Amino acid sequence: MASKKYHNNLIINMPSDVKYIINTLISHGYEAYSVGGCVRDSILGKTPKDWDITTSATPTEIKSLFSRTIDTGIKHGTVTVMIKNTGYEVTTYRIDGTYRDGRHPAQVTFTDSLREDLRRRDFTINAMAYNDITGIVDCFGGMIDLKLKVIRCVGNPLERFSEDALRMLRAVRFSASLDFSLETSTMEAIISLAPSISKVSRERIQAELEKLLMSHLPQRAALLYDTGLMQMIFKENSFFSHTLSSEASLLSAALMRSPREHYIRWAVFASYVSANNIFKSLKFDNATVKICGNLIKHKSLPLPLKEPELKRCIVRIGRDIFGKYYLPYRKVLEYENLKHLEAISSMYNDIVQRGDCLSIKELKINGSDLAAIGIEPGRKMGDILNYLFDSVLDDHTKNNRETLIELAKNYT
Ligand code: ATP
Ligand code: MG
């Protein structure tokens, strides 16, 4: 591709720790650059999340130059250099060997060529390096693609996706996080290789989908359908039908109006994607399985505008979950019914602000109070506590010791 390899007039403002690491390596005769996402984001005017450094020095050489290092991925050439409390990944220039199974490179080989190191990277926009002496090193047209706003593979996309199928999902994810489109041959290669996504571990798929859903354009999830990735990711547990394109647009519209919150976006995702056990199949943590499961299970729960009934709904879902995740989730699903949900929100806020009793533990009476009036611990006491709780849900003014003891005495 005809493109300028160096862009010496562009200055990237690197953090002083990164400059220090690069300068230390250079002053000992090695090459060193910041590389990948941090260069991409800096050129786009965004603040990079982290700074990766690529160098001609071997891991042993890197370790000899810095006082505190961690062997993060030493086999792959990565050493973490600690500066104060921050770690920076410093990786030796490398070539990834052939990928046996579309998952792991069989071996990695160190190289002294920056160009070779950049060539192994997934997309042109992720394959640029920078230091203050050389400026931007751009062997594969990354700057042009940043201007064109496209995700394009370095080299032949069919080969690159065959080496590592996860890159297909990364392409969709970067399209969402950067608002870029997929370059045509890159898109076509994904369409033809989508079935190979099944070689990728569920954990890696989960991590990429998480970044996609938590991006500023989660509606790009529609690309998962266009490319066939969605159908393949949930091949084992799907009940996809001929209405896939309407499913894609419903999901994308719902994600677009979802607050940027993990549980809410995932519950929305699972509410539209026709697949079972999405959270288990993606090996999610217990909290996600539990909280999203709770939201989805109650997605059609009638929410009455009467305090005692509403309180029973809150008790069922959980006081905090109800306000933090459940109501916003319902608002995403029922955006045409917001008036009612707003009224429910304000009733919920009143209930919480008053500190109304929403669990047996919050009754102004306990087991020993009941024992003192002759009620033995056991089944009967449990029944009485439930009865008292129920009475308090009906009328919160009953939650005081005298009234509750009276009620308990009269319980038959
Ligand atoms: P983010 O902002 O999400 O961290 P990033 O570009 O830094 O984006 P990372 O996953 O942190 O992405 O990877 C760092 C760099 O390593 C990428 O920019 C890319 O050059 C390279 N890279 C990462 N994963 C792959 C992969 N699967 N195949 C090829 N190159 C990869
Ligand atoms: Mg990164």
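Because only heavy atoms are used, hydrogens play no part in the values below, and waters and symmetry mates are left out as well, while side chains stay in. Note that the numbering runs from 1 along the sequence shown for the chain. For ligands, and for the atoms within them, numbers begin at 1 and follow the listed sequence. What you are looking at is a predicted structure, and each value in this text was computed from that prediction instead of being measured.
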(message) Quick check on contacts: which atoms of ligand 1 are under 4.0 angstrom from a heavy atom of G36?
(response) 18 (O)

(request) Identify the heavy atoms of R68 and I83 that sit nearest to each other, and give their distance. (result) NH2-C, 4.2 Å

(request) Carefully, step by step, assess K331 and S345 under the rule side chain to side chain donor-acceptor pair (under 3.5 Å). (result) CA-CA 10 Å; K331 286 178 186 167; S345 284; 3.0 Å; yes

(message) So, 4.0 Å and heavy atoms of F174: is ligand 1 close enough to count as a contact?
(response) yes

(request) Could you say whether the N/O atoms of D50 and ligand 1 ever approach to under 3.5 Å? (result) no

(message) Just by distance, no angles: are the side chains of Y93 and D112 close enough, under 3.5 Å, to form a donor-acceptor pair?
(response) no

(message) Using a 3.5 Å cut-off on N or O atoms only, is D52 in polar contact with ligand 1?
(response) no

(message) Rounded to the nearest 0.5 Å, what separates atom CD1 in I12 from atom CE in M128?
(response) 8.0 Å

(request) Flag G37 as yes when one of its N or O atoms lies below 3.5 Å from any N or O atom of ligand 1, and as no otherwise. (result) yes

(request) Could you name the option among R121, R170, R40 that has the heavy atom nearest to atom 25 (C) of ligand 1? (result) R170

(message) Taking only non-hydrogen atoms of E163, do any sit less than 4.0 angstrom from ligand 1?
(response) no

(message) Which heavy atom of C139 sits nearest to which heavy atom of R115, and what is that distance?
(response) CB-NH1, 3.6 Å

(request) Of the side chain and backbone of W51, name the one, both, or neither that has a heavy atom under 4.0 Å from an atom of ligand 1. (result) neither

(message) Is the contact between R167 and ligand 1 made by the side chain, the backbone, both, or neither, using heavy atoms and a 4.0 Å cut-off?
(response) side chain

(message) Please check whether K211 reaches ligand 1 - meaning an N/O of the residue sits under 3.5 Å from an N/O of the ligand, judged on distance alone.
(response) no

(message) Rounded at 0.5 Å granularity, tell me how far OH in Y225 sits from CG in L244.
(response) 7.0 Å

(request) Give the intermediate values and the outcome of ring-ring contact (aromatic ring centres under 6.0 Å, His included) for residues Y325 and Y263. (result) CA-CA 7 Å; Y325 310 123; Y263 298 116; 5.0 Å; yes

(message) Does the residue R160 have a heavy-atom contact with ligand 1, meaning some pair of atoms that are separated by less than 4.0 Å?
(response) no

(message) Just to check, does D164 reach to within less than 4.0 Å of ligand 1 when the distance is taken from its heavy atoms?
(response) yes

(request) To the nearest 0.5 angstrom, please state how far the CH2 atom of W266 sits from the CD atom of Q206. (result) 6.5 Å

